[in-house]
Number of protein chains: 2
Amino acid sequence: MAELDSPAEAGLVAQWRELLARHAAAACTLDRELGDRFGLGMSEFEVLERLVEGCAANGAHALRVSDLAPTVHLSQSALSRLIARLEKAGLVTRAMCESDRRGIVLTLTDAGRERYEQARPLHREVLELTLGGEPAKGCEVPSG
Amino acid sequence: MAELDSPAEAGLVAQWRELLARHAAAACTLDRELGDRFGLGMSEFEVLERLVEGCAANGAHALRVSDLAPTVHLSQSALSRLIARLEKAGLVTRAMCESDRRGIVLTLTDAGRERYEQARPLHREVLELTLGGEPAKGCEVPSG
DNA sequence: TTGCATTGAATGCACACGCATGTACTGTCC
DNA sequence: GGACAGTACATGCGTGTGCATTCAATGCAA
């Protein structure tokens with residue numbers, strides 16, 4: 001009645017559980033640490049980072065929301081609200097896109113840029129701690 | 001003003017983004033497919049699976065909630081409510097633990113066992129599609 | 001031009017989550 | 001025995017999420 005997984009399936013499940021553990025450890029720690037120290041969620045930081053990277057491409061800290069969407073693993077509605085939060089916090093500015101007035105262009109403010117620069121070391125540190133080693137367990141705090 | 005990541009940091013970030021993409025693809029698809037076809041969330045399935053595995057260990061589909069907790073990447077409160085949902089759906093039974101009356105022993109019902117067996121092929125199929133290949137993008141539906 | 005399907009983004013709603021707290025029970029130390 | 005810290009689980013609360021829907025703007029066709 002209870003069929004066993006084939007070896008291939010068992011390997012896939014093991015891989016999945018490893019991925020779940022790593023993701024949980026990193027995401028949980030990132031959310032808590034970035035939230036406590038910089039008022040940013042994991043995805044908020046991710047969006048700021050994309051805006052900073054967008055700078056290298058077009059010279060301005062600006063991106064269409066529709067261009068941002070595929071890179072952040074959130075629903076359209078969640079992204080919309082996340083941007084609203086960032087705007088409320090004064091980290092980004094929403095402006096109508098001139099070439100397509102349905103679209104919204106995000107601009108990183110100086111405060112947004114600064115917040116990102118401040119948060120980045122902690123972000124990298126958490127990744128180092130949760131992904132660098134092999135164990136991938138728990139939700140440890142990187143430093144006092 | 002904008003310091004670049006060291007090569008080590010850049011690699012870590014790349015690894016993190018890859019992990020995020022894989023996790024999002026698999027988790028999103030699992031939740032939607034298992035939800036649509038079996039009324040189960042990803043974590044609900046995971047809990048049923050641990051109960052089934054627990055069978056091999058002690059002969060009964062029973063586990064302490066406190067033993068289950070470390071294997072599921074949820075807060076204690078989220079797990080408590082998840083179990084309440086499973087119980088409401090008739091898939092598990094909650095009983096007081098005799099040796100430690102603070103504890104709760106979960107028992108898989110026949111319906112729970114059956115639901116798990118029905119859902120498992122789809123679960124494995126989704127993992128195969130989202131983790132098996134290298135791309136790790138999007139939220140595709142495994143089959144009609 | 002008008003009409004209509006499509007796209008980009010915002011919003012109502014239900015729901016699952018984490019944090020903080022509450023309640024019940026255990027073990028220890030006096 | 002009684003007091004007390006610690007553990008196991010449940011629950012109130014605020015919040016972030018996805019789905020479905022809505023509204024505005026675009027592109028295309030008649």
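Computed from a predicted model, the values in this text were never measured in an experiment. Numbers restart at 1 for each chain; the letters A, B, ... are given by sequence-line order, proteins then strands.
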Q: From CG of A:Leu74 over to P of C:dC17, roughly how many Å is that when rounded to an integer?
A: 17 Å
Q: Figure out the CG/C1' separation between B:Leu106 and D:dC9, and round it to whole Å.
A: 11 Å
Q: Would you mind reporting whether B:Phe45 and B:Arg115 have side-chain heavy atoms less than 4.5 Å apart?
A: no
Q: With no angle test and no hydrogens, is the base of D:dA8 tied to the side chain of B:Gln76 by a donor-acceptor pair under 3.5 Å?
A: no
Q: Please encode protein proximity along nucleotides 24-29 of chain C as a string of B, S and -, counting only heavy-atom distances under 4.0 Å.
A: -BS---
Q: Between atom CG in B:Asp31 and atom P in D:dG18, what is the gap in whole Å?
A: 10 Å
Q: Picking from A:Leu82, A:Leu63, A:Leu48, what satisfies side-chain contact (heavy atoms from CB on, under 4.5 Å) with A:Val92?
A: A:Leu48
Q: Under a 4.0 Å threshold between the charged nitrogen and the carboxylate oxygen, would A:Glu46 count as salt-bridged to A:Arg50?
A: yes
Q: Please examine the side chains of B:Leu68 and B:Thr71, heavy atoms only from C-beta on, and report whether any two atoms are closer than 4.5 Å.
A: yes
Q: Between A:Arg17 and B:Glu49, does any side-chain N to carboxylate O distance fall below 4.0 Å?
A: yes
Q: Measure the CD-CG distance between B:Gln118 and B:Leu40 for me, rounded to the nearest 0.5 Å.
A: 9.5 Å
Q: Give the residues of residues 77-88 of chain B touching DNA chain C, defined as any heavy atom closer than 4.0 Å, sorted by residue number.
A: B:Ser77, B:Ala78, B:Arg81, B:Arg85
Q: Between C1' on C:dC17 and CD on B:Glu44, what's the gap in Å once rounded to a whole number?
A: 12 Å
Q: Tell me the interatomic distance from A:Glu33, atom CD, to C:dC19, atom P, rounded to whole angstroms.
A: 12 Å
Q: Nearest to the B:Arg64 side chain among D:dA8, D:dA10, D:dT17, which nucleotide is it?
A: D:dA8
Q: Provide, to the nearest angstrom, the distance between the CD1 atom belonging to A:Ile104 and the P atom belonging to D:dA24.
A: 14 Å
Q: Using whole Å, report how far NE2 of B:His73 lies from P of C:dG18.
A: 12 Å
Q: Base, sugar-phosphate or nothing for B:Ser75? Non-hydrogen atoms, less than 4.0 Å.
A: base
Q: Okay, side chain of A:Thr109, backbone of A:Gly90: is any donor-acceptor separation there less than 3.5 Å?
A: yes
Q: For the pair A:Glu117 and A:Arg113, find out whether any cationic side-chain nitrogen is under 4.0 Å from an anionic carboxylate oxygen.
A: yes
Q: Between B:Leu127 and B:Leu30, is there a side-chain heavy-atom distance shorter than 4.5 Å?
A: yes
